[in-house]
Amino acid sequence: MPAISVFDIFKIGVGPSSSHTVGPMKAARAFADSLGDQRAAVSGIRVTLYGSLAFTGKGHATDSAVLLGLCGDMPETIDPDAAERKLRDIHSSCEIDVPGIGPLPFDPSADLVFEFAEVLPRHTNGMRFDALDSSGKVVRSDDYYSIGGGFIVRGDEPEVQNQQGEPPYPFDSGAGLLKLAQDADLTIPQLVYRNESHWRSTAEVDERLAQIWSAMKSCVDRGLKTEGVLPGRMAVPRRAAKLCRRLQERDDNSGLDTMDWVNAYAIAVNEENAAGGRVVTSPTNGAAGVIPAVLHYYDRLIPDSDDAGVRRFLLAAGAIGILYKINASISGAEMGCQGEVGVACSMAAAGLVAAFNGSSLQIENAAEIGMEHNLGLTCDPVGGLVQIPCIERNAMGAVKAINAARLSLHGDGSHKVSLDQVINTMRQTGLDMSTIYKETSQGGLAVNVPEC
Ligand code: SF4
(Lines give C-alpha, C1' and ligand atoms only; values in the text may rest on other atoms or scores of the structure.)
Protein backbone atom coordinates (compact mmCIF):
# COMPACT_ATOMS: atom_id res chain seq x y z
CA MET A 1 0.00 0.00 0.00
CA PRO A 2 1.57 3.40 -0.94
CA ALA A 3 2.82 5.33 2.09
CA ILE A 4 1.56 8.87 1.48
CA SER A 5 1.47 11.57 4.12
CA VAL A 6 -0.78 14.62 4.33
CA PHE A 7 2.50 16.55 3.99
CA ASP A 8 2.96 15.00 0.56
CA ILE A 9 -0.45 16.42 -0.35
CA PHE A 10 0.07 19.86 1.29
CA LYS A 11 3.41 21.39 0.31
CA ILE A 12 4.70 24.93 0.32
CA GLY A 13 5.72 25.85 -3.23
CA VAL A 14 5.56 28.53 -5.89
CA GLY A 15 3.06 29.32 -8.61
CA PRO A 16 1.64 29.07 -11.08
CA SER A 17 1.42 25.27 -11.42
CA SER A 18 2.35 22.24 -9.35
CA SER A 19 2.56 19.93 -12.37
CA HIS A 20 4.06 22.45 -14.82
CA THR A 21 6.24 24.56 -12.50
CA VAL A 22 6.95 22.74 -9.21
CA GLY A 23 7.38 19.25 -10.72
CA PRO A 24 9.65 20.35 -13.61
CA MET A 25 11.83 22.42 -11.26
CA LYS A 26 12.26 19.36 -9.01
CA ALA A 27 12.95 17.11 -12.00
CA ALA A 28 15.62 19.46 -13.41
CA ARG A 29 17.30 19.67 -10.02
CA ALA A 30 17.12 15.87 -9.61
CA PHE A 31 18.75 15.38 -13.03
CA ALA A 32 21.55 17.85 -12.23
CA ASP A 33 22.13 16.13 -8.85
CA SER A 34 22.16 12.68 -10.45
CA LEU A 35 25.07 13.44 -12.81
CA GLY A 36 27.57 12.54 -10.07
CA ASP A 37 30.84 11.23 -11.54
CA GLN A 38 29.69 12.09 -15.07
CA ARG A 39 29.86 15.81 -14.30
CA ALA A 40 33.44 16.14 -15.53
CA ALA A 41 32.39 14.98 -19.00
CA VAL A 42 29.43 17.35 -19.32
CA SER A 43 29.82 20.35 -21.62
CA GLY A 44 26.18 21.07 -22.36
CA ILE A 45 22.58 20.25 -21.45
CA ARG A 46 19.49 19.93 -23.62
CA VAL A 47 15.95 19.78 -22.24
CA THR A 48 12.90 18.65 -24.22
CA LEU A 49 9.34 19.20 -22.98
CA TYR A 50 6.59 16.92 -24.28
CA GLY A 51 2.80 16.70 -24.31
CA SER A 52 0.95 19.04 -22.01
CA LEU A 53 4.25 20.56 -20.83
CA ALA A 54 4.94 21.61 -24.43
CA PHE A 55 1.41 22.91 -25.09
CA THR A 56 0.93 24.98 -21.92
CA GLY A 57 4.51 25.11 -20.60
CA LYS A 58 5.10 28.73 -21.62
CA GLY A 59 1.94 29.98 -19.88
CA HIS A 60 2.66 27.81 -16.84
CA ALA A 61 6.32 28.96 -16.56
CA THR A 62 7.70 25.46 -17.17
CA ASP A 63 10.62 26.89 -19.13
CA SER A 64 11.70 29.13 -16.25
CA ALA A 65 11.14 26.35 -13.71
CA VAL A 66 13.43 23.96 -15.60
CA LEU A 67 16.22 26.55 -15.86
CA LEU A 68 16.00 27.34 -12.16
CA GLY A 69 15.97 23.64 -11.25
CA LEU A 70 19.15 23.10 -13.30
CA CYS A 71 20.67 25.97 -11.29
CA GLY A 72 19.90 24.03 -8.11
CA ASP A 73 16.74 25.84 -6.99
CA MET A 74 13.83 24.05 -5.31
CA PRO A 75 10.21 25.27 -5.08
CA GLU A 76 10.05 25.36 -1.28
CA THR A 77 13.17 27.46 -0.81
CA ILE A 78 13.46 29.57 -3.94
CA ASP A 79 13.81 33.33 -3.56
CA PRO A 80 11.50 34.83 -6.22
CA ASP A 81 13.59 38.04 -6.61
CA ALA A 82 16.87 36.15 -7.01
CA ALA A 83 15.13 33.81 -9.46
CA GLU A 84 14.14 36.75 -11.68
CA ARG A 85 17.76 37.90 -11.80
CA LYS A 86 19.05 34.40 -12.54
CA LEU A 87 16.62 33.98 -15.43
CA ARG A 88 17.59 37.35 -16.90
CA ASP A 89 21.28 36.36 -16.68
CA ILE A 90 20.72 33.00 -18.38
CA HIS A 91 18.82 34.61 -21.26
CA SER A 92 21.34 37.43 -21.74
CA SER A 93 24.56 35.40 -21.31
CA CYS A 94 23.31 32.10 -22.82
CA GLU A 95 25.05 30.34 -19.94
CA ILE A 96 23.67 28.33 -17.05
CA ASP A 97 25.47 27.70 -13.77
CA VAL A 98 24.87 24.07 -12.78
CA PRO A 99 25.96 23.17 -9.22
CA GLY A 100 28.98 20.86 -9.22
CA ILE A 101 29.73 21.62 -12.88
CA GLY A 102 29.86 25.40 -13.19
CA PRO A 103 28.80 27.60 -16.10
CA LEU A 104 27.72 25.73 -19.25
CA PRO A 105 26.70 27.23 -22.58
CA PHE A 106 22.89 27.17 -22.69
CA ASP A 107 20.81 29.05 -25.21
CA PRO A 108 17.18 28.70 -24.04
CA SER A 109 15.86 29.29 -27.57
CA ALA A 110 17.82 26.25 -28.88
CA ASP A 111 18.57 24.06 -25.87
CA LEU A 112 15.08 24.10 -24.35
CA VAL A 113 12.84 22.37 -26.88
CA PHE A 114 9.02 22.31 -26.91
CA GLU A 115 8.11 19.04 -28.65
CA PHE A 116 4.47 19.22 -29.74
CA ALA A 117 4.33 16.15 -31.98
CA GLU A 118 5.37 13.48 -29.51
CA VAL A 119 4.27 12.29 -26.08
CA LEU A 120 6.52 10.21 -23.82
CA PRO A 121 5.01 6.83 -22.86
CA ARG A 122 4.26 7.12 -19.16
CA HIS A 123 2.43 10.45 -18.79
CA THR A 124 1.65 13.48 -20.91
CA ASN A 125 3.80 15.70 -18.67
CA GLY A 126 7.12 14.30 -19.91
CA MET A 127 10.61 15.86 -19.92
CA ARG A 128 13.87 14.55 -21.38
CA PHE A 129 17.17 15.82 -19.99
CA ASP A 130 20.29 15.15 -22.09
CA ALA A 131 23.79 15.84 -20.78
CA LEU A 132 26.20 16.34 -23.70
CA ASP A 133 29.98 16.13 -23.99
CA SER A 134 32.16 18.61 -25.88
CA SER A 135 31.42 16.88 -29.21
CA GLY A 136 27.68 17.03 -28.62
CA LYS A 137 27.41 13.32 -27.84
CA VAL A 138 24.85 12.36 -25.20
CA VAL A 139 26.63 11.11 -22.07
CA ARG A 140 23.48 10.73 -20.05
CA SER A 141 19.77 10.94 -20.87
CA ASP A 142 16.89 10.64 -18.43
CA ASP A 143 13.15 11.01 -18.85
CA TYR A 144 11.20 12.50 -15.97
CA TYR A 145 7.46 12.89 -15.56
CA SER A 146 5.55 15.45 -13.54
CA ILE A 147 2.54 13.41 -12.50
CA GLY A 148 0.48 16.06 -10.69
CA GLY A 149 0.59 17.96 -7.41
CA GLY A 150 4.38 18.42 -7.68
CA PHE A 151 5.10 14.66 -7.64
CA ILE A 152 7.73 13.41 -10.09
CA VAL A 153 8.95 10.02 -11.32
CA ARG A 154 11.98 9.06 -13.41
CA GLY A 155 11.66 6.81 -16.48
CA ASP A 156 9.77 3.65 -15.64
CA GLU A 157 10.96 3.60 -12.04
CA PRO A 158 8.33 3.33 -9.30
CA GLU A 159 7.36 6.56 -7.59
CA VAL A 160 9.75 7.29 -4.72
CA GLN A 161 7.94 7.12 -1.38
CA ASN A 162 8.82 9.99 0.91
CA GLN A 163 7.60 8.11 4.01
CA GLN A 164 9.39 5.06 5.33
CA GLY A 165 7.43 2.12 6.70
CA GLU A 166 3.76 1.30 7.00
CA PRO A 167 1.76 3.46 9.40
CA PRO A 168 -0.48 1.85 12.06
CA TYR A 169 -3.67 2.51 10.05
CA PRO A 170 -2.86 2.05 6.34
CA PHE A 171 -5.79 2.82 4.05
CA ASP A 172 -6.26 2.98 0.30
CA SER A 173 -10.04 3.33 0.01
CA GLY A 174 -12.84 5.33 1.58
CA ALA A 175 -14.47 2.14 2.81
CA GLY A 176 -11.17 0.97 4.32
CA LEU A 177 -10.67 4.30 6.06
CA LEU A 178 -14.18 4.19 7.54
CA LYS A 179 -13.71 0.62 8.78
CA LEU A 180 -10.31 1.33 10.34
CA ALA A 181 -11.71 4.37 12.13
CA GLN A 182 -14.74 2.48 13.36
CA ASP A 183 -12.76 -0.58 14.54
CA ALA A 184 -10.21 1.57 16.37
CA ASP A 185 -12.90 3.91 17.74
CA LEU A 186 -11.07 6.89 16.29
CA THR A 187 -12.28 9.88 14.31
CA ILE A 188 -10.74 10.26 10.86
CA PRO A 189 -8.51 13.18 11.97
CA GLN A 190 -7.35 11.15 15.01
CA LEU A 191 -6.52 8.18 12.81
CA VAL A 192 -4.60 10.31 10.31
CA TYR A 193 -2.74 12.02 13.17
CA ARG A 194 -1.60 8.63 14.47
CA ASN A 195 -0.37 7.68 11.02
CA GLU A 196 1.53 10.95 10.67
CA SER A 197 3.04 10.47 14.14
CA HIS A 198 4.43 7.15 12.95
CA TRP A 199 6.61 8.98 10.41
CA ARG A 200 7.62 11.89 12.66
CA SER A 201 7.20 13.10 16.25
CA THR A 202 3.87 14.53 17.35
CA ALA A 203 5.62 17.85 17.92
CA GLU A 204 6.76 17.86 14.29
CA VAL A 205 3.29 16.92 13.06
CA ASP A 206 1.83 19.85 15.01
CA GLU A 207 4.54 22.19 13.81
CA ARG A 208 4.14 21.23 10.15
CA LEU A 209 0.35 21.56 10.29
CA ALA A 210 0.83 25.02 11.82
CA GLN A 211 3.33 25.93 9.06
CA ILE A 212 0.89 24.89 6.34
CA TRP A 213 -1.89 26.97 7.91
CA SER A 214 0.44 29.92 8.43
CA ALA A 215 1.58 29.79 4.77
CA MET A 216 -2.07 29.73 3.67
CA LYS A 217 -2.87 32.77 5.83
CA SER A 218 0.16 34.71 4.52
CA CYS A 219 -0.87 33.93 0.96
CA VAL A 220 -4.45 35.12 1.52
CA ASP A 221 -3.22 38.27 3.28
CA ARG A 222 -0.84 39.12 0.42
CA GLY A 223 -3.50 38.44 -2.18
CA LEU A 224 -6.05 40.63 -0.40
CA LYS A 225 -3.62 43.57 -0.41
CA THR A 226 -1.96 43.35 -3.82
CA GLU A 227 -3.33 45.40 -6.71
CA GLY A 228 -2.36 45.55 -10.38
CA VAL A 229 -2.48 43.14 -13.28
CA LEU A 230 -1.34 39.55 -13.54
CA PRO A 231 1.56 38.47 -15.77
CA GLY A 232 0.77 37.49 -19.35
CA ARG A 233 -0.58 38.94 -22.56
CA MET A 234 -4.14 39.14 -21.27
CA ALA A 235 -3.19 41.64 -18.52
CA VAL A 236 -5.93 40.24 -16.27
CA PRO A 237 -6.65 42.74 -13.46
CA ARG A 238 -6.34 41.46 -9.89
CA ARG A 239 -9.70 41.57 -8.08
CA ALA A 240 -9.23 40.23 -4.56
CA ALA A 241 -7.95 43.47 -2.99
CA LYS A 242 -10.80 45.50 -4.47
CA LEU A 243 -13.38 42.96 -3.35
CA CYS A 244 -11.88 42.95 0.15
CA ARG A 245 -12.09 46.77 0.34
CA ARG A 246 -15.70 46.80 -0.81
CA LEU A 247 -16.63 44.21 1.80
CA GLN A 248 -14.87 46.12 4.57
CA GLU A 249 -16.56 49.40 3.59
CA ARG A 250 -20.04 47.99 3.06
CA ASP A 251 -22.49 48.61 5.86
CA ASP A 252 -25.54 46.86 4.41
CA ASN A 253 -25.15 43.16 5.02
CA SER A 254 -26.94 41.45 2.16
CA GLY A 255 -26.87 38.12 3.93
CA LEU A 256 -24.49 36.80 1.31
CA ASP A 257 -21.38 38.58 2.59
CA THR A 258 -20.08 35.22 3.73
CA MET A 259 -20.04 33.99 0.16
CA ASP A 260 -18.35 37.21 -0.99
CA TRP A 261 -15.61 36.71 1.58
CA VAL A 262 -15.08 33.09 0.55
CA ASN A 263 -14.77 34.30 -3.06
CA ALA A 264 -12.25 36.94 -2.00
CA TYR A 265 -10.10 34.44 -0.07
CA ALA A 266 -9.99 31.99 -2.96
CA ILE A 267 -9.32 34.65 -5.59
CA ALA A 268 -6.57 36.14 -3.39
CA VAL A 269 -4.70 32.81 -3.35
CA ASN A 270 -5.09 32.10 -7.03
CA GLU A 271 -4.00 35.59 -8.01
CA GLU A 272 -0.86 35.07 -5.94
CA ASN A 273 -0.41 31.71 -7.65
CA ALA A 274 -0.89 33.23 -11.12
CA ALA A 275 1.74 35.84 -10.26
CA GLY A 276 4.27 33.11 -9.37
CA GLY A 277 3.98 33.78 -5.62
CA ARG A 278 4.35 31.39 -2.72
CA VAL A 279 1.31 29.16 -2.20
CA VAL A 280 0.47 25.88 -0.52
CA THR A 281 0.00 23.19 -3.14
CA SER A 282 -3.31 21.75 -1.99
CA PRO A 283 -3.46 19.33 -3.72
CA THR A 284 -2.25 21.31 -6.79
CA ASN A 285 -1.34 24.92 -7.43
CA GLY A 286 -4.11 25.58 -9.95
CA ALA A 287 -6.56 24.51 -7.22
CA ALA A 288 -4.59 26.08 -4.35
CA GLY A 289 -7.35 28.56 -3.41
CA VAL A 290 -10.17 26.20 -2.49
CA ILE A 291 -8.88 24.79 0.79
CA PRO A 292 -7.46 28.07 2.20
CA ALA A 293 -10.74 29.81 1.32
CA VAL A 294 -12.85 27.24 3.16
CA LEU A 295 -10.41 27.22 6.10
CA HIS A 296 -10.61 31.03 6.29
CA TYR A 297 -14.39 30.75 6.23
CA TYR A 298 -14.11 28.42 9.23
CA ASP A 299 -11.46 30.50 11.01
CA ARG A 300 -12.79 34.02 10.47
CA LEU A 301 -16.52 33.63 10.01
CA ILE A 302 -17.53 30.79 12.32
CA PRO A 303 -17.88 31.71 16.00
CA ASP A 304 -15.94 29.39 18.35
CA SER A 305 -13.62 28.13 15.63
CA ASP A 306 -10.20 27.22 16.99
CA ASP A 307 -6.77 25.86 16.04
CA ALA A 308 -7.81 22.31 16.92
CA GLY A 309 -10.57 22.63 14.31
CA VAL A 310 -8.03 23.83 11.75
CA ARG A 311 -5.88 20.76 12.48
CA ARG A 312 -8.88 18.42 12.16
CA PHE A 313 -9.68 20.11 8.85
CA LEU A 314 -6.19 19.62 7.40
CA LEU A 315 -5.89 16.01 8.58
CA ALA A 316 -9.27 14.95 7.18
CA ALA A 317 -8.79 16.88 3.93
CA GLY A 318 -5.33 15.34 3.57
CA ALA A 319 -6.78 11.83 3.98
CA ILE A 320 -9.21 12.46 1.13
CA GLY A 321 -6.42 13.85 -1.06
CA ILE A 322 -4.42 10.66 -0.40
CA LEU A 323 -7.36 8.56 -1.66
CA TYR A 324 -7.51 10.50 -4.94
CA LYS A 325 -3.75 10.27 -5.36
CA ILE A 326 -3.79 6.49 -4.85
CA ASN A 327 -6.93 5.61 -6.80
CA ALA A 328 -7.10 8.19 -9.59
CA SER A 329 -4.87 11.20 -10.20
CA ILE A 330 -4.53 14.82 -9.13
CA SER A 331 -3.12 15.86 -12.50
CA GLY A 332 -5.19 18.19 -14.69
CA ALA A 333 -3.27 16.84 -17.68
CA GLU A 334 -4.65 13.35 -16.92
CA MET A 335 -8.07 14.08 -15.40
CA GLY A 336 -9.04 17.59 -16.50
CA CYS A 337 -9.99 20.13 -13.84
CA GLN A 338 -12.11 17.57 -11.96
CA GLY A 339 -8.71 16.21 -10.82
CA GLU A 340 -7.64 19.62 -9.51
CA VAL A 341 -10.48 21.92 -8.41
CA GLY A 342 -12.81 18.89 -8.10
CA VAL A 343 -10.42 17.10 -5.76
CA ALA A 344 -9.73 20.28 -3.76
CA CYS A 345 -13.50 20.77 -3.37
CA SER A 346 -13.93 17.20 -2.16
CA MET A 347 -11.04 17.58 0.29
CA ALA A 348 -12.29 20.93 1.60
CA ALA A 349 -15.83 19.61 2.11
CA ALA A 350 -14.48 16.70 4.16
CA GLY A 351 -12.16 19.00 6.08
CA LEU A 352 -14.93 21.41 7.00
CA VAL A 353 -17.13 18.60 8.33
CA ALA A 354 -14.18 17.40 10.44
CA ALA A 355 -13.60 20.94 11.75
CA PHE A 356 -17.26 20.96 12.83
CA ASN A 357 -16.71 17.58 14.55
CA GLY A 358 -18.95 15.73 12.09
CA SER A 359 -18.93 11.94 12.08
CA SER A 360 -16.69 9.80 9.87
CA LEU A 361 -19.68 8.94 7.68
CA GLN A 362 -20.50 12.63 7.28
CA ILE A 363 -16.88 13.37 6.33
CA GLU A 364 -16.96 10.65 3.67
CA ASN A 365 -20.37 11.86 2.47
CA ALA A 366 -19.17 15.47 2.15
CA ALA A 367 -16.09 14.36 0.17
CA GLU A 368 -18.34 12.37 -2.15
CA ILE A 369 -20.73 15.29 -2.74
CA GLY A 370 -17.78 17.62 -3.33
CA MET A 371 -16.62 15.49 -6.24
CA GLU A 372 -19.96 14.24 -7.58
CA HIS A 373 -20.84 17.72 -8.81
CA ASN A 374 -17.46 18.38 -10.36
CA LEU A 375 -17.40 15.22 -12.49
CA GLY A 376 -16.49 16.02 -16.09
CA LEU A 377 -14.99 19.43 -15.28
CA THR A 378 -12.54 20.19 -18.09
CA CYS A 379 -9.22 22.01 -18.10
CA ASP A 380 -9.07 24.68 -20.81
CA PRO A 381 -6.91 27.58 -19.56
CA VAL A 382 -7.00 30.59 -21.88
CA GLY A 383 -3.55 31.39 -23.27
CA GLY A 384 -2.12 28.45 -21.33
CA LEU A 385 -2.10 30.69 -18.24
CA VAL A 386 -3.40 29.56 -14.85
CA GLN A 387 -5.83 32.49 -14.75
CA ILE A 388 -9.03 32.02 -16.79
CA PRO A 389 -11.01 29.99 -15.75
CA CYS A 390 -8.74 28.89 -12.89
CA ILE A 391 -8.98 31.87 -10.52
CA GLU A 392 -12.78 32.15 -10.45
CA ARG A 393 -13.07 28.38 -10.56
CA ASN A 394 -11.40 28.17 -7.16
CA ALA A 395 -14.01 30.54 -5.75
CA MET A 396 -16.76 28.36 -7.18
CA GLY A 397 -15.06 25.25 -5.80
CA ALA A 398 -14.80 26.76 -2.32
CA VAL A 399 -18.47 27.77 -2.23
CA LYS A 400 -19.45 24.34 -3.51
CA ALA A 401 -17.34 22.68 -0.80
CA ILE A 402 -19.12 24.61 1.94
CA ASN A 403 -22.46 23.61 0.47
CA ALA A 404 -21.35 19.95 0.26
CA ALA A 405 -20.33 20.06 3.93
CA ARG A 406 -23.65 21.60 4.92
CA LEU A 407 -25.65 19.04 2.96
CA SER A 408 -23.71 16.29 4.67
CA LEU A 409 -24.00 17.79 8.16
CA HIS A 410 -27.78 18.04 7.75
CA GLY A 411 -27.90 14.28 7.13
CA ASP A 412 -26.78 11.31 9.19
CA GLY A 413 -24.03 10.21 6.81
CA SER A 414 -26.10 7.62 4.96
CA HIS A 415 -26.04 8.08 1.17
CA LYS A 416 -26.36 6.14 -2.07
CA VAL A 417 -23.09 6.97 -3.86
CA SER A 418 -19.91 6.11 -1.98
CA LEU A 419 -16.71 8.13 -2.09
CA ASP A 420 -14.93 5.15 -3.65
CA GLN A 421 -17.52 4.99 -6.42
CA VAL A 422 -17.19 8.67 -7.20
CA ILE A 423 -13.36 8.52 -7.21
CA ASN A 424 -13.54 5.59 -9.62
CA THR A 425 -16.03 7.52 -11.77
CA MET A 426 -13.72 10.53 -11.83
CA ARG A 427 -10.83 8.35 -12.95
CA GLN A 428 -12.87 6.76 -15.75
CA THR A 429 -14.23 10.14 -16.83
CA GLY A 430 -10.68 11.49 -16.95
CA LEU A 431 -9.52 8.58 -19.09
CA ASP A 432 -12.45 9.05 -21.47
CA MET A 433 -11.98 12.83 -21.71
CA SER A 434 -10.52 14.17 -24.95
CA THR A 435 -6.94 15.43 -24.62
CA ILE A 436 -8.06 18.87 -25.83
CA TYR A 437 -9.64 19.33 -22.38
CA LYS A 438 -6.64 18.13 -20.40
CA GLU A 439 -4.27 21.06 -19.90
CA THR A 440 -3.36 21.46 -23.55
CA SER A 441 -5.30 24.70 -24.22
CA GLN A 442 -6.57 23.12 -27.46
CA GLY A 443 -10.28 23.18 -26.62
CA GLY A 444 -13.05 24.86 -24.64
CA LEU A 445 -12.51 28.40 -23.39
CA ALA A 446 -8.91 28.31 -24.58
CA VAL A 447 -10.04 28.32 -28.23
CA ASN A 448 -13.25 30.33 -27.85
CA VAL A 449 -11.91 33.31 -25.92
CA PRO A 450 -9.45 35.63 -27.67
CA GLU A 451 -6.34 36.20 -25.58
CA CYS A 452 -6.39 39.98 -25.84
S1 SF4 B 1 -8.57 24.81 -15.59
FE2 SF4 B 1 -8.31 23.71 -13.63
S3 SF4 B 1 -6.88 22.01 -14.08
FE4 SF4 B 1 -6.72 23.49 -15.76
S5 SF4 B 1 -4.99 24.83 -15.23
FE6 SF4 B 1 -6.88 25.81 -14.46
S7 SF4 B 1 -7.11 25.09 -12.33
FE8 SF4 B 1 -5.60 23.71 -13.32
Side-chain angles (χ1 to χ4, degrees), residues 13-24 51-62 65 123-125 146-151 230-232 234 236 266-267 269-276 279-293 321 324-325 328-348 370-371 373-398 400-401 426-427 429-430 433-449 451:
V14 286
S17 169
S18 41
S19 58
H20 287 52
T21 318
V22 172
S52 173
L53 292 183
F55 282 109
T56 57
K58 282 235 161 76
H60 286 51
T62 310
H123 191 286
T124 178
N125 290 338
S146 178
I147 57 173
F151 292 89
L230 295 170
M234 290 188 293
V236 171
I267 290 171
V269 172
N270 285 84
E271 287 177 351
E272 282 297 291
N273 181 60
V279 299
V280 177
T281 304
S282 47
T284 69
N285 280 22
V290 175
I291 287 170
Y324 283 99
K325 166 87 181 119
S329 164
I330 52 174
S331 162
E334 267 189 307
M335 296 285 120
C337 201
Q338 55 170 1
E340 295 207 13
V341 169
V343 172
C345 176
S346 178
M347 291 169 63
M371 174 51 73
H373 308 289
N374 279 301
L375 287 172
L377 192 65
T378 58
C379 168
D380 51 358
V382 178
L385 297 161
V386 194
Q387 297 181 8
I388 300 172
C390 320
I391 295 170
E392 271 177 12
R393 184 162 290 172
N394 276 258
M396 305 307 284
K400 201 182 274 192
M426 184 202 94
R427 188 184 62 79
T429 306
M433 194 181 279
S434 165
T435 55
I436 66 171
Y437 299 117
K438 294 197 279 192
E439 219 160 351
T440 56
S441 289
Q442 292 181 304
L445 289 171
V447 297
N448 286 298
V449 178
E451 283 180 39

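Quick caveat: nothing in here was measured; it's all calculated off a predicted structure. The analysis underlying the following values was restricted to heavy atoms, covering all of them including side chains, and did not include hydrogens, waters or symmetry mates. Note that ligands are numbered from 1 as they come in the structure, with each ligand's atoms numbered from 1 the same way.
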Would you list the protein N, O or S atoms within less than 2.8 Å of atom 2 (Fe) of ligand 1, leaving out water? Cys337 SG

Quick check: closest heavy atoms across Glu340 and Ser331, and the distance to 0.1 Å? OE2-C, 4.3 Å

Heavy-atom closest pair, residues Ser346 and Tyr324: OG-OH, 2.9 Å

One should read off an interatomic distance between Ile391 CD1 and Leu230 CG, to the nearest 0.5 angstrom, of 5.0 Å

Working to the nearest 0.5 Å, report the span between CE of Met371 and NZ of Lys400. 10.0 Å

Give a yes or no on this: more than 12 heavy atoms of other residues, nucleotides or ligands lie within 6.0 Å of atom NZ of Lys325. yes

According to the salt bridge (charged side-chain N to carboxylate O under 4.0 Å, His left out) rule, which pairs have a member within residues 385-398, sequence neighbours left out? Arg239-Glu392

